[in-house]
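A note on names: the letters A, B, ... follow the listed sequences, proteins ahead of strands, and every chain is numbered from 1.
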Number of protein chains: 2
Amino acid sequence: MRSQPPKVTVHVIKKGSHRTKFGGCATMVRMDDIDSAIVRELQRDARQTNRELARRLNIAPSTCLERVRALRARGVITGYRATVDLRTLNRPVQALLAIRIRPLGREVIERFKKFLTSLPEVLSVYVVAGGDDFLVHVAVPDVDRLHALLMDQIFKRREVVDCRSSFIYQHVANDVIEPLPPNGA
Amino acid sequence: MRSQPPKVTVHVIKKGSHRTKFGGCATMVRMDDIDSAIVRELQRDARQTNRELARRLNIAPSTCLERVRALRARGVITGYRATVDLRTLNRPVQALLAIRIRPLGREVIERFKKFLTSLPEVLSVYVVAGGDDFLVHVAVPDVDRLHALLMDQIFKRREVVDCRSSFIYQHVANDVIEPLPPNGA
DNA sequence: CGTGAAAATGACGACTA
DNA sequence: TAGTCGTCATTTTCACG
């Protein structure tokens, strides 16, 4: 399972200066270059061994382990997930549903959001400002199933006043999310 | 790092009948209940040890390892990713950009998609049918940065004819994606 | 599915700036 | 004092029977 060494060297410039003196929050800790590199690498492959990760970053395995644990404890790394292929899970048809609900209010929104996330067809729920209130990413086995989802589940809800569905031709997710600097630095 | 035993027993009914006799594709292999359970568990925690995974599923570690490898080789499991907290990466502001481009055509779409995914602010790109051509999920440090992204990057592109941006109040992703049965079964 | 050699983990104490 | 490193007992992996 553990990946083989593809020799991707990660260049790390400075090593020290870990904790900020005057960060916004009390528990705010600065991400130095090593932390960023660890987060980047673990987003690429969360199952590489600690030894391999350490070797890529040119630090000792024990140091690396400590860093990873700290990142997890700090809440920077929130979990480790296997990613799956939707086609092999019999869900090749994807769509985006733009839904408007009424009346707008915290409780109604929260309840409808809970409802959406409980549906197995739903991959992702965005609560948005602007013309629509919800954008829902769904994946289903076929078009019939999408129709059934709309008719038997979504439209049955009293709060739904409008729903436009768009087919998704392609969906590419940026698998490595980097920290962004505060300013144009 | 390895999680401690939270004693979540997974009930598996039938064990055998792994390969389909008449699947659609030649290399098509059916997902039995053990495979589904493995995929579900590894989506929840990709770093649990093989032993622990096997214990949850009430199968031998060697069997479990073989199953996981097969799922990876079959392309059901496409990778293992660490998930991160956008706030700790200094990207608390999220938005959805609905973009229309012209002229529509395979090359223009492909080129613009490549451009979008190369931007560090971009989390996810949907190529969709309907009124808009692209839906882009972005996360930035602040509103200024969003404005800068639109002005300095998106609107600079000649193919962009329209872009509406909506703020995202909340985004919840279904972290465990289950296989769906072919019919109403 | 069980076994066992080889490998990785992770706790601990020493070291350094 | 906070971060890093080397060591090693314990745990895990994974090829083979």
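The side chain of B:Arg69 lies closest to D:dA15 when the candidates are D:dA15, D:dT4, C:dC1. The nucleotide whose nearest atom lies closest to any side-chain atom of B:Arg51 is, among D:dT13, D:dC14, C:dT9, D:dT13. Among the nucleotides D:dC5, D:dT13, C:dG2, the one closest to the side chain of B:Ala60 is C:dG2. Nearest to the side chain of B:Ile59, among D:dT13, C:dA8, C:dC1, sits C:dC1. With C:dC1, D:dC5, D:dT4 as the candidates, the nucleotide lying closest to the side chain of A:Ile34 is D:dT4.
Atom-to-atom, CG of A:Leu65 to P of D:dC8 comes out at 18 Å; the value is rounded to the nearest Å. As rounded to whole Å, 10 Å separates atom P of D:dT12 from atom CG of B:Asn50. Rounding to whole angstrom units, CZ of residue A:Arg47 and P of D:dC14 are separated by 8 Å. As a whole-Å value, the separation of A:Leu53 CG from C:dG10 P is 13 Å. One can place CZ of B:Arg55 at 16 Å from P of C:dC1, the figure rounded to the nearest angstrom. Remark: C1' of D:dT1 and CD of A:Glu66 are 14 Å apart, rounded to the nearest angstrom. In this entry the distance linking CD of A:Glu52 with P of D:dT13 reads 16 Å, nearest Å.
Classification of B:Glu110 and B:Lys113 as a salt-bridged pair holds, one side-chain N sitting under 4.0 Å from a carboxylate O. Remark: A:Asp85 does not engage B:Arg74 in a salt bridge, criterion side-chain N to carboxylate O under 4.0 Å.
The phosphate of D:dT4 has OP1 or OP2 within less than 4.0 Å of a side-chain N or O from A:Arg67. The shortest distance between the side-chain N/O atoms of B:Ser62 and the OP1/OP2 oxygens of C:dC1 is not below 4.0 Å.
Within the 4.5 Å cutoff, the side chain of B:His147 has no heavy atoms near those of the B:Asp144 side chain.
Both tests hold for B:Arg157 against B:Phe115: distance to the six-membered ring centre under 6.0 Å, angle to the ring axis within 45°.
Between A:His171 and A:His137, the two ring planes are perpendicular [angle over 60°; tilted spans 30° to 60°].
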